[in-house]
Amino acid sequence: MHSLLLGLAAALAWGIHDLCVRVVSQRTSILTALLTVFATGAILVAAAALMFGDWQAMTVPAARLAGASGVLFGLGSYALYRAFALGPVKLVAPLIGAYPVLSLSMAMLQGQPVGPGHWLAVAAVVAGVGCIAVFSGKDDSSPLNLQAGGWGLMAAIGFALTFATGQAATQAGAELPVLIVTRVAAILLVAGLAFIARAVRFPSRQVLPLLCLMGALDASALGLVIYSGTLPRPEFASVSASLFGLVTVVLAWLVLRESMNRAQWISVAVTFGGIAYLGF
């Protein structure tokens with residue numbers, strides 16, 4: 001249950017983060033936005049890690065796993081930004097939200113008991129997220145749909161591998177040191193991509209505060225999911241964190257006054273029903 005609650009808190013943070021992405025994606029480049037978000041999160045994590053981190057518990061295997069997790073998170077985040085920039089949401093959100101299937105598959109390969117009820121609950125979560133996206137409106141067909149789907153699938157794979165390696169790192173070391181290594185690895189990756197693409201630039205003053213907020217939300221969410229690696233059944237945190245897409249839609253209804261029809265609310269109920277089952 002604790003892993004589940006951490007995942008839900010992460011979903012809320014990432015849901016708000018993705019709501020902000022809709023704004024900043026129209027005002028700055030993806031690599032500039034990602035680099036600023038990752039750097040802000042790293043500063044916050046570094047402050048906590050230096051004060052409270054158990055660096056003596058940090059092992060070489062944990063550092064390697066944390067570095068791999070950071071690289072995977074950077075790639076997954078870039079793919080997410082690209083997918084939502086291309087759209088449509090009804091194609092992208094179900095693909096990204098399907099990563100819990102990969103998370104539970106990896107947990108099963110590691111010897112964790114995963115029964116038919118768990119798979120049915122995951123199916124409910126993924127179907128609920130997908131239905132929310134499908135019922136959110138009709139998007140015109142475009143040649144970019146295939147590209148958006150490809151980026152969405154890569155984001156799902158990236159996040160599933162990120163959480164698996166990050167949770168394994170916390171089991172081999174200490175939580176806060178693992179987080180800072182993860183953030184540094186993600187920053188180095190995005191900075192390298194920005195340098196290659198000649199997209200290294202400082203964001204405008206109009207979007208900088210929003211990007212800093214996104215950095216704090218992103219760091220908090222990833223920290224919660226990785227920290228769950230110290231708890232029983234950490235894969236449940238990865239499953240519940242997949243609700244970030246659904247949270248974004250609900251927040252858009254609350255904040256931006258976007259309409260929600262009956263089918264969407266039923267999808268919300270089905271999704272939370274699946275999460276509730278995983279908690280027992």
Side-chain angles (χ1 to χ4, degrees), residues 1-7 9-11 13-14 34-35 37-80 99-100 102-114 155-193 215-242:
M1 178 62 85
H2 289 94
S3 296
L4 204 65
L5 293 176
L6 289 179
W14 270 321
L34 273 178
L35 194 55
V37 168
F38 285 172
T40 303
I43 293 172
L44 296 175
V45 172
L50 291 175
M51 290 188 294
F52 306 110
D54 184 8
W55 288 92
Q56 294 182 349
M58 188 66 171
T59 63
V60 173
R64 291 175 178 171
L65 287 169
S69 179
V71 170
L72 291 166
F73 185 67
L75 293 172
S77 298
Y78 179 77
L80 180 145
Y99 77 80
L102 300 174
S103 296
L104 275 188
S105 298
M106 288 184 287
M108 183 174 60
L109 293 176
Q110 293 171 355
Q112 292 281 6
V114 179
I157 296 173
F159 289 145
L161 294 176
T162 294
F163 300 148
T165 54
Q167 289 169 350
T170 61
Q171 295 169 358
E175 298 86 358
L176 288 173
V178 163
L179 283 176
I180 191 60
V181 173
T182 299
R183 304 305 295 189
V184 170
I187 289 173
L188 292 176
L189 172 72
V190 175
L193 292 175
L217 292 168
D218 180 60
S220 300
L222 183 60
L224 289 170
V225 175
I226 289 181
Y227 176 76
S228 69
T230 63
L231 302 174
R233 306 311 303 263
E235 69 274 10
F236 287 169
S238 301
V239 173
S240 56
S242 70

Practice prompt. Please round to the nearest 0.5 Å and tell me the distance separating atom CG of L217 and atom CG of L222.
Written response: 12.5 Å
Worksheet item: T170 side chain to Q167 main-chain N or O, any donor-acceptor pair under 3.5 Å?
Response: yes
Worksheet item: A168: what forms a side chain to side chain contact (heavy atoms under 4.5 Å, CB included) with it, not counting sequence neighbours?
Response: L65
Fill in: Shortest non-hydrogen contact from A216 toward S220
O-OG, 2.8 Å
Worksheet item: For A221, which residues count as a side chain to side chain contact (heavy atoms under 4.5 Å, CB included) partner, sequence neighbours excluded?
Response: A10, A13, W14
Discussion item. Suppose the criterion is side-chain hydrogen bond (donor to acceptor under 3.5 Å, both in side chains): which pairs have a residue in residues 60-69, not counting sequence neighbours?
Written reply: none
Practice prompt. Please report the shortest heavy-atom distance between I180 and A42, naming the atom on each side.
Written response: CD1-O, 3.6 Å
Response to the item:
Taking every heavy atom of L80 against every heavy atom of A155, the minimum-distance pair comes out as N-CB, 3.7 Å
Worksheet item: Which pair of non-hydrogen atoms, one from A172 and one from T59, has the smallest distance, and what is that distance?
Response: O-OG1, 2.8 Å
Worksheet, complete the sentence: Output for pair (Y78 OH, L193 CG), nearest 0.5 Å, gives 7.0 Å
Worksheet entry | Results of side chain to side chain contact (heavy atoms under 4.5 Å, CB included) for L72 - residues two or more places apart only | L161, T162, T165
Discussion item. Listing request: all ring pair (Phe, Tyr, Trp, His ring centres under 6.0 Å) pairs with a residue in residues 169-189, at least two apart in sequence or in separate chains.
Written reply: none
Practice prompt. Could you pull out the closest heavy-atom pair between G7 and S240, with the gap in Å?
Written response: CA-OG, 3.1 Å
Response to the item:
Looking only at heavy atoms, the pair that brings S228 and S3 closest together is O-OG, 4.1 Å
Ignoring hydrogens and angles, write down the donor-acceptor pairs under 3.5 Å from the side chains of residues 183-191, residues two or more places apart or on other chains.
| unit_1 | atom_1 | unit_2 | atom_2 | d |
| --- | --- | --- | --- | --- |
| R183 | NH1 | D218 | OD2 | 3.2 |
| R183 | NH2 | D218 | OD2 | 3.0 |

